[in-house]
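Here's the structure, in structure tokens; my notes come after.
Just so you know, residue 1 is the first one in the sequence shown, and it goes up from there.
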Amino acid sequence: TRRSSDLRLTTNSSLQVRRLSAVPYSREGADFQYHSLVLAGTTKLCRHLGEVASMQAASLYLAPVAFSAPYDQLREDTVPLRTQSLMAFLSDPTRLIANPGLGAGVRPDTAVVARLASHWRDRAEASPLNNYIVRRRVATPRGVLLSYPGTRQHQPGEPALQPWYQHALELPGRLVVAAPALDPGGAGYVVTVSQAVSQGNASLVARQEAAVVSVDFTLGYFYKIMNDSVPGGGCSSPGTRCFLLERGGGWPLLGACCSP
């Protein structure tokens with residue numbers, strides 16, 4: 001979400017009031033929490049597909065590339081104190097708190113992706129597909145990763161090196177389906193669908209990818225999507241078997257819910 005306050009500057013000479021531009025910021029704790037603090041946060045926790053999660057807030061993860069000194073970020077002895085300073089800097093509406101060591105562009109990226117948190121929360125409450133969507137996420141090239149529901153990041157590292165991220169960049173504007181993978185949160189096998197999002201004028205030839213958005217479906221539900229997309233339910237017909245091939249020749253999805 002975005003909140004702003006109108007700032008006014010008054011000069012003694014002319015007594016003219018000039019309206020300054022609004023300062024956008026994200027409310028840490030209301031919209032998102034740092035991933036390692038979700039379980040100890042103030043939001044209500046519940047069980048979501050085999051994992052303890054917060055349905056009230058998204059979780060923020062900053063990859064090593066998001067820091068000016070990536071190696072220092074991996075030191076466990078500085079994590080608690082540094083996490084507090086990071087969240088204070090990212091959620092500061094006054095912009096007076098000094099940068100605790102984040103790279104250029106990380107704060108604007110966080111402010112932009114954090115606006116998705118309330119949208120995801122509303123969709124989860126109203127959508128009947130909530131029991132089949134394991135998580136929603138968005139990642140930026142600067143190492144900012146926001147995911148919902150709010151959980152601890154099980155696979156620390158660089159989101160930009162994951163197949164769902166790289167394949168989406170290779171095929172901008174298209175939905176990319178990754179091969180099934182075992183969910184580290186306990187949801188069984190999941191299928192990730194991702195798409196690259198461009199910034200600026202999408203008609204430009206040399207456009208820049210601003211982020212990659214993705215969603216994890218349970219394997220059984222994704223097979224239902226594939227089956228329903230075939231006219232007449234052909235995949236359910238006796239003697240018929242449907243499968244999905246990736247461009248590299250692999251089999252992301254087989255018929256009969258992926259039995260070999």
Side-chain angles (χ1 to χ4, degrees), residues 1-7 20-45 53-122 135-160 162 165 197 199 208-214:
T1 56
R2 177 178 178 177
R3 286 189 175 181
S4 60
S5 57
D6 292 335
L7 303 180
L20 301 180
S21 58
V23 179
Y25 68 99
S26 301
R27 298 176 302 157
E28 183 270 333
D31 293 328
F32 69 94
Q33 295 178 333
Y34 201 69
H35 75 104
S36 61
L37 302 178
V38 170
L39 298 183
T42 58
T43 59
K44 182 179 179 180
L45 301 177
S54 171
M55 303 300 294
Q56 297 178 341
S59 61
L60 174 69
Y61 169 74
L62 298 178
V65 72
F67 296 82
S68 56
Y71 175 77
D72 293 340
Q73 186 268 338
L74 298 176
R75 295 176 55 189
E76 296 184 358
D77 56 333
T78 61
V79 167
L81 180 61
R82 189 166 193 178
T83 299
Q84 297 177 8
S85 62
L86 289 174
M87 299 312 296
F89 171 74
L90 292 173
S91 58
D92 174 33
T94 65
R95 297 180 180 269
L96 297 179
I97 298 180
N99 187 340
L102 293 176
V106 172
R107 179 172 180 169
D109 280 8
T110 303
V112 171
V113 301
R115 301 177 188 177
L116 291 173
S118 61
H119 173 71
W120 286 340
R121 183 171 58 244
D122 295 340
R135 68 182 53 84
R136 302 166 173 89
R137 69 170 72 82
V138 56
T140 73
R142 297 183 179 92
V144 178
L145 174 67
L146 190 76
S147 60
Y148 179 88
T151 58
R152 185 179 181 88
Q153 177 70 11
H154 296 283
Q155 298 175 320
E158 299 293 346
Q162 297 298 319
Y165 188 100
V197 179
Q199 68 180 11
Q208 181 179 2
E209 307 303 332
V212 173
V213 294
S214 67

Inset, instruction - Could you tell me which residues satisfy side chain to side chain contact (heavy atoms under 4.5 Å, CB included) with Ala66, sequence neighbours excluded, listed by chain and number? - result: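 Once residues adjacent in sequence are excluded, the partners of Ala66 under the side chain to side chain contact (heavy atoms under 4.5 Å, CB included) criterion are Leu62, Val106.
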Inset, instruction - Using the test side chain to side chain contact (heavy atoms under 4.5 Å, CB included), find all partners of Ala139 that sit at least two apart in sequence or belong to another chain. - result: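 Testing Ala139 for side chain to side chain contact (heavy atoms under 4.5 Å, CB included), a comparison that skips the adjacent residues, returns Leu145, Pro159, Trp164, Tyr165.
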Can you give me the closest heavy-atom contact between [X] and [Y], atom names plus distance?
X	Y	result
Val38	Ser54	CG1-CB, 4.1 Å
Ala117	Ala58	CB-CB, 4.1 Å
Thr94	Asp92	OG1-OD1, 2.7 Å
His35	Gln153	ND1-N, 3.1 Å
Tyr61	Pro64	OH-CD, 3.9 Å

Inset, instruction - Would you mind reporting whether Leu60 and Val144 have side-chain heavy atoms less than 4.5 Å apart? - result: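 Heavy-atom side-chain distance check passes, below 4.5 Å.
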Inset, instruction - Would you mind reporting whether Thr110 and Leu102 have side-chain heavy atoms less than 4.5 Å apart? - result: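 When only atoms from C-beta onward are counted, Thr110 and Leu102 do not touch, as no gap falls below 4.5 Å.
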Legend entry - Where at least one partner belongs to residues 137-146, residue pairs that pass salt bridge (Lys or Arg N to Asp or Glu O under 4.0 Å), sequence neighbours excluded: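 Qualifying pairs: Asp109-Arg142, Arg137-Asp216.
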Distance, nearest 0.5 Å, that separates [atom1] of [X] from [atom2] of [Y]:
X	Y	atom1	atom2	answer
Leu86	Ile97	CG	CD1	11.0 Å
Met87	Leu37	CE	CG	7.5 Å
Asp31	Gln33	CG	CD	10.5 Å
Arg115	Phe32	CZ	CZ	12.0 Å
Met55	Arg121	CE	CZ	10.5 Å

Legend entry - N/O donor-acceptor pair under 3.5 Å between Thr140 side chain and Ala211 backbone: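 Not at all, since once roles are kept as given, no pair shorter than 3.5 Å links the two residues.
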Inset, instruction - Determine the interplanar angle of the Trp120 and Tyr148 rings, folded into 0 to 90°, and report it as parallel if under 30°, tilted if 30 to 60°, perpendicular if over 60°. - result: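 Plane angle between 30° and 60°, so tilted.
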Legend entry - Modelled atom types, side-chain donor and acceptor of Ser147 and Ser59, under 3.5 Å: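 A pair is found: one side chain offers a donor N or O, the other an acceptor, under 3.5 Å apart.
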Legend entry - Candidate pair Val138 and Val197, rule side-chain contact (heavy atoms from CB on, under 4.5 Å), full reasoning: CA-CA 10 Å; Val138 56; Val197 179; over 6 Å; no
